[in-house]
Amino acid sequence: MVAENYREVEREICEACKKSGRSRDEVTLIAVSKTKPVEMIREAMEAGADTFGENKVQELCEKYEQLPGTLHWHLIGHLQRNKVKYIVDKAELIHSVDSLRLAEEIDKEAGKKGVEAKILVEVNVAGEESKFGVSVEETEALVENISKLPHVRVQGLMTIAPYVEDPEENRPIFRTLKKLAVDIKMKNIDNVRMDVLSMGMTNDYQVAVEEGATMVRVGTGIFGERNYSV
Ligand SMILES: *Cc1c(COP(=O)(O)O)cnc(C)c1O
């Protein structure tokens with residue numbers, strides 16, 4: 001089932017790329033495996049998946065140990081400063097940086113381990129109170145401040161769009177994130193790339209791809225519904 005779902009998502013991404021005149025290799029599919037067992041991750045691997053997203057540090061670390069070192073792991077969930085040390089050399093990209101204090105902690109731990117931490121700044125485009133992320137207005141200043149940290153590299157922006165019935169409703173959100181990235185890129189801030197746009201989930205990833213997503217984070221669409229009560 002997982003392999004089949006993965007191929008279906010892959011087809012939808014190809015379709016969205018075609019529709020918007022983009023090349024398929026501009027978009028990375030991140031299979032969001034949170035709460036799902038390693039056996040299911042192996043099934044996705046059989047269908048070609050090699051990039052996985054987790055939102056908890058401990059879960060990422062456990063799966064990282066159990067699975068082949070050729071996989072790419074992304075931390076997509078909110079990160080607490082006291083957990084940074086466990087993740088900084090395992091996550092290839094941290095999608096959820098929304099404060100200078102967190103970025104400074106990442107910088108410190110990356111420095112200790114002699115690595116460069118790649119990060120995205122999480123933007124709360126819709127301004128939902130329940131969500132993490134900085135506002136559109138605060139984003140450039142935060143990027144600028146993070147850019148001065150020697151062991152952190154800003155690669156782009158991430159957003160979690162609201163849950164909506166009709167994915168078209170999120171099109172303006174994706175467009176806003178894309179525009180924000182373009183505006184910041186034009187400032188040519190040292191050490192900052194604005195080439196990664198992580199946006200789009202099971203419900204709306206096709207629209208996100210049409211609006212310029214370079215990473216989509218798909219969980220339910222690949223692994224099925226999550227059960228948080230177990
Ligand atoms: C869980 C999660 C996803 C995947 O959500 P689905 O709707 O299951 O595709 C994507 N991004 C983040 C940050 C998540 O926490």
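What's counted below: heavy atoms across the whole structure, side chains too, no hydrogens, waters or symmetry copies. Read the numbers this way: they start at 1 and go in the same order the structure lists the ligands and their atoms. Every value quoted in this text rests on a predicted model; they were computed, and no experiment measured them.
- Arg171 and Glu168 are joined by a salt bridge, as a carboxylate oxygen and a charged side-chain nitrogen come within less than 4.0 angstrom of each other.
- The ring pair (Phe, Tyr, Trp, His ring centres under 6.0 Å) contacts involving residues 92-118 comprise His74-His95, where partners must be two or more places apart or lie in separate chains.
- Checked by atom type, the side-chain pair Ser23/Glu26 shows no donor-acceptor distance below 3.5 Å.
- Salt bridge annotation for Glu59-Lys56: absent, with no cationic side-chain nitrogen under 4.0 angstrom from a carboxylate oxygen.
- Here Phe52 pairs with Trp73 under the ring pair (Phe, Tyr, Trp, His ring centres under 6.0 Å) rule; sequence neighbours left out.
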What short N/O contacts, under 3.5 Å, does ligand 1 make with the protein, listed by atom pair and distance?
| from | atom 1 | to | atom 2 | distance (Å) |
| --- | --- | --- | --- | --- |
| ligand 1 | 8 (O) | Thr220 | N | 2.8 |
| ligand 1 | 8 (O) | Thr220 | OG1 | 2.5 |
| ligand 1 | 8 (O) | Arg226 | NH1 | 2.9 |
| ligand 1 | 8 (O) | Arg226 | NH2 | 3.1 |
| ligand 1 | 9 (O) | Thr202 | N | 3.0 |
| ligand 1 | 9 (O) | Thr202 | OG1 | 2.4 |
| ligand 1 | 9 (O) | Gly219 | N | 2.8 |
| ligand 1 | 11 (N) | Arg217 | NE | 2.8 |
| ligand 1 | 15 (O) | Lys34 | NZ | 2.6 |

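- Within the structure, salt bridge (Lys or Arg N to Asp or Glu O under 4.0 Å) contacts touching residues 82-103 (residues at least two apart or in different chains) do not occur.
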